[in-house]
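Worksheet: the structure to be examined is printed underneath.
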Amino acid sequence: MPEPMQSALDPFSRSALRAVVAGLSGLDPGIEFDPDAFSVAAPPRPELGDFAVGLFPAARAFKQSPAKLATRVAEQFMPGDHLEDARAAGPFINFRANRAALFRHVVQATHSGVGLISTAAGTGKTICIDYSSPNISKHLAYHHIRSTVIGSALANLYRAVGYRVIGINHLGDWGTTHGMLICAFKTWFEPQPANAEELNRLSLTIAELNELYVCMRRAIEAQRDELRRRGIEGDPTLESQSREWFKKLEDGDGEARGLWQKFRDVSWAEFQQVYRTLGIAFEEVKGESEFMSDVPAVLDMLEQKGLLAESDGAVVVPAADPNTPPLLLRKKDGATLYGTRDLAAAMYRWNTYQFERSLYVVDRGQNLHFSQVFDALARAGFDWAQRCSHVPFGLVRVGGKKTGSRSGKVVLLKEVLAEAQRRAVAVVEDNRDKVGTETNRNHVEEISRAVAVGAVIFANLSSQREKDVDFSWEQVLSTAGDSGPYIQYAHARCASILRRAGRSDGGPSKPGPSRPDDDPGALLQSEYEWALARKLIEIGSVVHRAAHQNEPHLLSRYLLDLCAVFSRWYTAGNQDHALRVLCDDPDLRAARLDLVAATQHVLARGLGLLGIDAPEAM
Ligand code: ARG
């Protein structure tokens with residue numbers, strides 16, 4: 001998705017630099033080129049400059065050689081408030097920033113709360129993001145966390161760049177499995193509730209529901225084997241009974257509905273506990289069941305457009321490509337399917353929100369499903385179908401095997417969270433013992449919760465979305481190395497430095513009375529400080545890229561890099577007293593504290609976007 005021009009908010013942003021280059025090139029500003037291809041990076045060596053702008057895409061659009069373009073830009077360049085120098089370097093133009101101006105910008109933008117992330121890209125636009133969307137009556141297994149935390153981070157990222165975000169939990173609360181569950185409950189559950197009142201009072205857990213479902217699958221399998229052995233054609237009785245129960249459910253039968261509602265309530269209550277622990281929320285929770293009433297109209301519409309066909313008594317949308325299987329919309333027995341409800345839900349989302357984009361954060365196993373659904377919508381003549389995209393992610397393997405409720409190999413999400421909490425308490429207490437009094441006993445609980453959740457969330461957001469991940473307790477609960485808690489520690493360290501300096505952040509320092517004309521930015525002269533400021537300013541473009549590529553891990557990596565740059569400065573101060581943040585010169589000290597405060601701000605903001613808390617002390 002092209003990234004529109006940002007406001008003049010950040011004079012060092014990619015858009016600002018792009019505008020400078022466009023202005024100086026003297027070429028027709030109306031010519032468009034892919035702005036995503038417009039690269040801004042740090043030059044390979046710092047003495048070459050601060051921002052290297054690649055001119056290939058612009059040169060292609062202007063039908064010029066990039067080197068010529070670079071030379072022209074360099075010739076026309078005049079030093080200004082923010083940029084001091086521009087030099088052509090082959091196909092690149094290297095700008096040198098006015099360092100004091102950049103320091104000032106970083107400190108003021110972070111302190112004023114305006115921040116370093118422009119909201120221009122998404123202002124006035126709506127994006128729907130379907131995430132988490134688990135199936136009721138089944139365990140929330142650890143792999144469900146992928147959709148949940150990736151989707152929620154994307155929601156935060158899009159919000160940060162200005163979009164109105166509608167986070168949607170499309171609960172899987174309909175389909176033939178619910179017929180199986182009702183059938184299993186009626187067959188095996190003891191004691192059966194005698195009436196609605198008793199059903200209401202019945203205490204039931206997802207674990208029990210899951211168990212009933214698994215039993216039913218096994219029993220049907222066993223019956224099928226038995227029939228096969230005896231050479232009898234036909235369906236296992238439990239399977240046809242389940243189908244009947246689902247039929248009743250679709251027809252609105254009171255008993256079927258009552259049981260289904262109970263299972264749904266039990267499931268939702270448990271899901272909510274996990275969402276609360278993870279700090280995850282949705283703008284809309286709508287089960288698949290809510291789209292039932294739209295299904296006949298959707299089928300009529302597709303019929304009128306000549307898109308439906310019959311296959312073995314079932315209703316399908318044949319794919320345009322003969323090698324792709326058709327999208328199944330109604331089974332022989334009249335039951336509707338997952339895809340049918342997704343068509344109805346997509347139309348509802350369009351009619352309700354007129355989205356700019358509509359994303360589905362769902363595992364890669366559903367690639368085919370989504371391409372069929374979007375293809376059917378496009379062929380039905382809906383232009384907005386091209387605004388819909390599947391945002392797939394890789395699988396979680398446990399012990400080398402794909403997890404899933406059928407293979408039986410599941411790690412439960414709530415178990416992971418509980419274990420994470422247990423380990424985090426140990427880490428926080430250990431740390432408290434080491435550093436002494438800073439962490440109050442009462443805070444251990446609260447902080448360890450933040451650490452636990454931070455570890456688990458970060459473990460899921462630190463590698464590329466589409467990569468498969470191997471579940472390991474060590475990686476998921478890691479609090480050291482490339483982990484969420486490592487970033488939380490860096491943040492708490494910033495807070496602690498400011499506290500020690502008696503500044504819980506009173507704002508950027510003013511020039512001290514000793515040197516009234518001094519710009520605090522101009523006092524920061526070390527390369528460590530400069531590297532830090534240069535890194536801080538990148539958050540704006542990182543967040544834009546992470547949102548537009550649907551890759552939260554870009555932000556995770558950035559935060560780790562930022563911690564490394566901060567820690568290099570901090571460590572240098574331990575070795576060389578002249579570099580210490582809390583140095584003797586009051587003006588320099590104030591300027592350095594400003595930089596620490598800006599770092600704290602950016603770390604907290606970045607963690608917040610990933611869905612991770614940033615405690616002030618740890
Ligand atoms: N409930 C589905 C599952 O667990 C995921 C639903 C994703 N969203 C959608 N609109 N299909 O596989």
Side-chain angles (χ1 to χ4, degrees), residues 127-152 154-155 165-178 180-181 206 209-210 213 260 263-264 267-268 270-271 274-275 280 282-292 294-295 298 317 327-329 336-353 355 357-377 382 384-385 387-396 402-407 410 412-413 465 550:
I127 187 165
C128 292
I129 309 183
D130 178 323
Y131 60 93
S132 199
S133 307
N135 296 330
I136 63 163
S137 306
K138 287 197 191 164
H139 288 306
L140 266 194
Y142 180 71
H143 62 269
H144 288 115
I145 199 181
R146 300 270 294 155
S147 169
T148 309
V149 305
I150 294 172
S152 157
L154 288 177
V165 175
I166 313 294
I168 302 175
N169 191 337
H170 183 71
L171 270 191
D173 65 357
W174 209 250
T176 44
T177 52
H178 303 286
M180 290 167 70
L181 252 166
I206 292 188
L209 290 169
N210 205 78
Y213 173 74
W260 168 84
F263 302 163
R264 192 185 194 279
S267 306
W268 181 243
E270 278 194 43
F271 293 166
V274 171
Y275 293 143
I280 279 173
F282 302 91
E283 275 69 30
E284 185 177 289
V285 179
K286 253 184 183 312
E288 288 185 38
S289 59
E290 294 182 54
F291 296 99
M292 280 311 299
D294 298 346
V295 164
V298 172
V317 181
L327 174 65
L328 207 56
L329 294 185
T336 61
L337 287 130
Y338 180 49
T340 331
R341 295 184 287 277
D342 250 335
L343 290 177
M347 292 171 65
Y348 158 83
R349 289 176 198 175
W350 170 254
N351 293 331
T352 313
Y353 302 115
F355 49 74
R357 315 271 302 143
S358 181
L359 308 182
Y360 295 76
V361 185
V362 185
D363 72 82
R364 164 190 81 213
Q366 297 196 22
N367 278 352
L368 174 64
H369 168 77
F370 286 107
S371 70
Q372 289 172 324
V373 167
F374 302 155
D375 180 59
L377 291 168
F382 299 119
W384 52 262
R387 301 180 181 211
C388 299
S389 4
H390 177 206
V391 176
F393 54 85
L395 305 168
V396 179
K402 165 184 181 307
T403 63
S405 50
R406 284 186 214 172
S407 66
V410 285
L412 299 193
L413 182 46
R465 173 166 52 74
N550 299 318

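We count ligands from 1, going down the list as the structure has it; atoms in each ligand are counted the same way. The analysis underlying the following values was restricted to heavy atoms, covering all of them including side chains, and did not include hydrogens, waters or symmetry mates.
- Of all atoms in ligand 1, numbered sequentially from 1 with element shown, those under 4.0 Å from a heavy atom of Tyr338 are 2 (C), 5 (C), 6 (C), 7 (C), 9 (C), 11 (N).
- Here the side chains of Leu181 and Thr177 are not in contact, with every heavy-atom distance at 4.5 Å or above.
- Here the shortest heavy-atom pairing between Glu284 and Ile166 reads CB-CG2, 4.5 Å.
- Annotation for ligand 1: atoms under 4.0 Å from non-hydrogen atoms of Tyr360 are 10 (N).
- When each atom of ligand 1 is checked for a heavy atom of Asp130 under 4.0 Å away, the hits are 7 (C), 8 (N), 9 (C), 10 (N).
- No N or O atom of His369 sits closer than 3.5 Å to an N or O atom of ligand 1.
- Neither the backbone nor the side chain of Tyr131 comes within 4.0 Å of ligand 1, counting heavy atoms alone.
- Using the six-membered ring where Trp is involved, Tyr275 and Phe282 have ring planes that are perpendicular, over 60° apart on the 30 and 60° scheme.
- Using cut-offs of 30° and 60° for the angle between ring planes, the Phe370 and Phe374 rings count as tilted.
- Atoms of ligand 1 lying under 4.0 Å from at least one heavy atom of Gln366, given by number and element, are 3 (C), 12 (O).
- With rounding to the nearest 0.5 Å, the separation of OH in Tyr131 from CD1 in Ile280 is 7.0 Å.
- Those atoms of ligand 1 that come under 4.0 Å of a heavy atom in Asn135, given as number and element, are 1 (N), 2 (C), 3 (C), 4 (O).
- Between His369 and Tyr338, the ring planes lie parallel to each other; the angle is under 30°, not in the 30° to 60° tilted range.
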